[in-house]
Q: 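Quick one: structure below, then a few questions.
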Amino acid sequence: MIEEIKGGEISYSYTNTKLDYNIKSTSVDDYNTSIEFKAIKELLIEENLIYVTEFIRDLLKIKKTNDLTCFKRINPDKIAYKKEYGKKTILYVRLSVEDLERKDGSGNKISVSKSILNQLLMQLQYCKDYQMEVVGIFYEEDISGGDESRPEWNKSLKFCENGHTDVYICKTQSRFARDVEMIEKYLHKRFLEWNIRFLSIVDHSDTAVRGNKLQRQITAIVDENKIAEQSVNVKATLKGKNKAGQWTGSFACYGYIEDPNDMYHLIPDPSAAKVVQTIYELHAKGLGYFRICQYLNEKNIPTPSKYKKLQGSNFVCARVPNGTEYWNTDTIARILRNETYDGILIQNRTETISHNIKKKRKVPKNEQTIIACCHERILDPVISRIVRDKFSARAKTKNNEITQSRAKPTKSGEVHIFSQKVYCECCGKIFQKTSYRRGSKDSPLKLEYLVCKKKRGTCGAGCDNNSSVRIDVLEEIILKEINKQIDKYYNQTKFEKSYYENKVNSDYKKDVTTLEKEKNILDKKIKEQTDRFALLYEDRANGVITTIEFGILKEKYNNEITSFTNRVNEINEEIVSLEKKKEQRKEEQSIFKEYQHLKKLDRLAVETFISKILVGKINPETKKRAINIIWNICSS
C-alpha cells in the first residue's frame, strides 16, 4: 500500500457539486409591478438620501451613489445641539431567520423582497404622515437582535453619532435590539448625547416621551427573555439530534461531504478521502508532519481550504479567505487527531458562553456528544490504531512500570524504525540510539547501536544493563520473530482458526449476556429504591416517621442508589471494553491476511505487530541476553 503511494501518482477530480450549504438571501422576485414597490418609489425621495445599504439599492433600483464621508469621525463641537428634534430620519430594517423562513397560507415560502417592502412601506408612510425627511436606509438579515457586531447596525449608529440625522425609526424596538444592556446604552444614554429621537411604529416606543421609558425597558426585558428561551430551545434540539447520531455542523470536515439525500448524515468524498488515507499511511510508516507536508506540496495536492473553494463550497478560512496554497504542519496534525475518520461523530466540542456573549469555551470530553458508527469510516482500522496510539502515548515511568512515549521524527523527518519501542528490562528506561565509527579515517564504518538511557546518563551507575545492542542485529531478530507469528497463523488448520474465532465470539456473547442480566437487575433495584424514596417524603409529611428516622432512611436509600448506579456505569464500561476486544480480534485476523512473509523490516510492520521490546542484560555465563517482545497481535 505504501509502495503504491510512493511510486504512483494520486489523481483528483473536481466537480461543481457543492459540499456545504449555508443560509443565503433568496433571489429577488419580479416585484417591479407590485403595489408595494410602486408606493415605495412614490414615497421615497432619492435626492435626500445620503446612504442606502447595497442590497436595498439594488432592490429599489436607486441610482444616487452613497456619500461614504458620513461615517468618518468629525469634530463633535461642530454638531449643533437643538432643543427640538429635526426632521432628518434614517430607517433600520432587519430580517431575522424566522422572517426568512415564513410561509403564506398555502405553505409557500414568502419572498424576502416582499418582507422588506412591507417594512419599508410602513416606515415610509409613517415618515410622510409626520413630514419626516428620509436620508438613510440600513438593512441586514439573518442576524440576531442581540448581536452587537451587526455591520449595518453599527453603521447606522456611526451615522447618528456624526450628526447626519435627527430621528431613528424601526418597525419595532426588537428590530433595533433584543438586549436590555444595548437598549439602556443607546436609547437612554448615547441617543440623548447625540440628540437623536428613537421611534418604533408598532410598539410605540418613543424616546421623546419621558413617560415611555418604563415601557421600553419592559419591552427590552421581554425581548431578551425570548432570545434566551430560543437559545435554550435551539441548544436542546441540537443536542437531541447529536445524541441520535445526526450531524449538525455548518461544514463537513475535509474528507466528507453532506449526504445529498440527508443533510444530517456524512458520506466520504472520494478525492479528499484518498488524501486523508495517504496522510495517515505516511505517518504510520514513520514520516513526520514536515515530511508529509513536503510530499503533499510536491504532488500539488490542494489544501483543505483550497479544495473546498474548488468544489464551490461557501466555506471561508478566516486567515486566508481564498484558501491557502501550501500545506502546513498544523493542518496535518489536525487531520491526524480527527476521530471523525474512524466513523465516530464527536459534536458539542465547544459552546457559546451565553446567548448575548459570542465567545466560546471548550466542553470537557466527558460532556461532549460522542456516537460511534454514525457514518462510513475512511481509514483502515490498523493504520488508525497505530496513529491513535502515537497520540495517546505519554513519556511517564512510575515504580519501574514501562510506558510508551511519543515517537518523534529525526532530522531526516522520519521516525526511526525502533523509536519508543525498545526498553531496558532492568530499569524500565528507554534504549537510546547512538553510533560508533570504526576503521580508517578514509573509509570509516558507521555502526548504530541502542543503549539504556539510564546507564548512559549515569555512566553505568544507575543501571547494570551495560552492553548496547546493534540495531542491524536487533532488526534481524525482530524480523525473524514477526515472520514466525505470520507462519504460525498460516500453519493453523481451517478447523483451528474456525474453532478459535467461534470460541472468541462465544465467550464475548456469554460475558455480555451475563453483564446485561446483572444490569437489568440493578435497574429494577434502582427503580424500587427511587419509588421508596418518593414514598418516604409522604410518610414524613403525614407524620408516620420522625425527622430523625427520615434522615437515616434518606441516607440509606441515597447510598444504595449511588452504589447501584456506580455498578451500572462499570457494567457499561465492561461491555464497551469487550466490544473493543472483539473488534481487535477481527482486526488481528485481517492483519495476518494482509501480511504473507516480510523480507525487510519497516516502521509500519513494527508499529502493527509490536507494542514493546524488552532488552535484558547479558548473562555472564552464557554470554547471551534475553529479548522479550510484547505483541500488539500474535497468532493463537
Side-chain angles (χ1 to χ4, degrees), residues 1-22 245-285 287 289 291-317 320 322-328 331-347 371-388 587 590 593-594 604:
M1 183 177 262
I2 298 297
E3 294 301 323
E4 292 176 0
I5 293 170
K6 276 199 167 185
E9 295 290 331
I10 302 176
S11 60
Y12 300 91
S13 59
Y14 302 106
T15 64
N16 292 324
T17 306
K18 288 192 175 183
L19 301 178
D20 306 295
Y21 307 90
N22 196 6
Q246 292 183 311
W247 178 77
T248 57
S250 300
F251 297 95
C253 71
Y254 180 70
Y256 287 95
I257 58 173
E258 286 182 3
D259 188 341
N261 300 319
D262 184 1
M263 64 182 294
Y264 299 112
H265 181 246
L266 297 177
I267 59 174
D269 175 20
S271 297
K274 193 172 184 180
V275 179
V276 172
Q277 290 165 357
T278 301
I279 292 171
Y280 272 80
E281 288 165 2
L282 292 174
H283 192 59
K285 194 175 185 294
L287 267 67
Y289 300 164
R291 284 289 304 278
I292 295 174
C293 284
Q294 278 187 325
Y295 174 84
L296 298 174
N297 288 327
E298 287 171 2
K299 296 292 182 181
N300 294 320
I301 297 172
T303 60
S305 58
K306 194 69 178 178
Y307 179 76
K308 286 178 180 287
K309 283 293 179 185
L310 291 170
Q311 295 294 83
S313 169
N314 294 318
F315 174 81
V316 177
C317 179
V320 189
N322 293 324
T324 181
E325 295 291 334
Y326 301 104
W327 288 83
N328 58 66
T331 303
I332 300 299
R334 188 165 55 251
I335 289 174
L336 290 171
R337 290 175 181 272
N338 195 343
E339 294 180 276
T340 305
Y341 303 121
D342 291 319
I344 301 172
L345 196 60
I346 304 176
Q347 298 187 104
I371 309 293
C373 305
C374 287
H375 50 263
E376 182 183 344
R377 68 183 303 161
I378 61 178
L379 295 178
D380 179 88
V382 178
I383 299 295
S384 175
R385 180 183 58 77
I386 292 171
V387 173
R388 301 284 172 248
E587 184 181 304
S590 65
K593 289 175 182 176
E594 181 181 345
L604 181 59

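No experiment lies behind these values; they were computed from the predicted model shown.
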Q: Are the side chain of R377 and the backbone N or O of T340 linked by a donor-acceptor pair below 3.5 Å?
A: no
Q: How long is the straight-line distance from CG of L287 back to CD of E281, given to the nearest 0.5 Å?
A: 12.0 Å
Q: To the nearest 0.5 Å, tell me how far Q294 CD sits from L282 CG.
A: 12.0 Å
Q: Could you check whether any side-chain N or O of E339 sits under 3.5 Å from a backbone N or O of I346, counting only pairs where one atom can act as donor and the other as acceptor?
A: no
Q: Would you say the side-chain atoms of Q277 pair up with the backbone N or O of I378, donor to acceptor, closer than 3.5 Å?
A: yes
Q: Rounded to the nearest 0.5 Å, what separation is found between the NE2 atom of H375 and the CH2 atom of W247?
A: 11.0 Å
Q: Would you kindly say whether Y254 and N338 are connected by a side-chain donor-acceptor distance under 3.5 Å?
A: no
Q: Evaluate the side-chain proximity of I332 to L296: yes if any heavy-atom separation is below 4.5 Å, no if none is.
A: yes
Q: Working to the nearest 0.5 angstrom, can you tell me the gap between I371 CD1 and Q246 CD?
A: 11.0 Å
Q: Locate the shortest heavy-atom distance separating I292 from I279; write the atom from each residue and the value.
A: CD1-O, 3.9 Å
Q: Test your reading of the model: is there a side-chain donor-acceptor pair from D380 to the backbone of V382, 3.5 Å cut-off?
A: yes
Q: Locate the shortest heavy-atom distance separating Y341 from I335; write the atom from each residue and the value.
A: CE1-O, 3.4 Å
Q: Examine distances only and state if a side-chain atom of Y280 and a backbone atom of L336 form a donor-acceptor pair shorter than 3.5 Å.
A: yes
Q: Quick check: do P260 and I267 have side-chain heavy atoms less than 4.5 Å from each other?
A: yes
Q: What distance separates S250 OG from E258 CD, expressed to the nearest 0.5 Å?
A: 9.0 Å
Q: Minimum heavy-atom separation for Y307 and S271, please, with both atom names.
A: OH-CB, 3.5 Å
Q: Between N297 (side chain only) and W327 (backbone N and O only), is there a donor and an acceptor less than 3.5 Å apart?
A: yes
Q: Minimum heavy-atom separation for Y289 to A333, with atom names?
A: CE1-CB, 3.7 Å
Q: Mind checking whether R388 and D342 have side chains closer than 4.5 Å, heavy atoms only?
A: yes
Q: May I have the step-by-step check of side-chain contact (heavy atoms from CB on, under 4.5 Å) for I383 and L604, ending in yes or no?
A: CA-CA 9 Å; I383 299 295; L604 181 59; 3.8 Å; yes
Q: How many angstroms lie between SG in C293 and CD1 in I301, if you round to the nearest 0.5 Å?
A: 11.0 Å
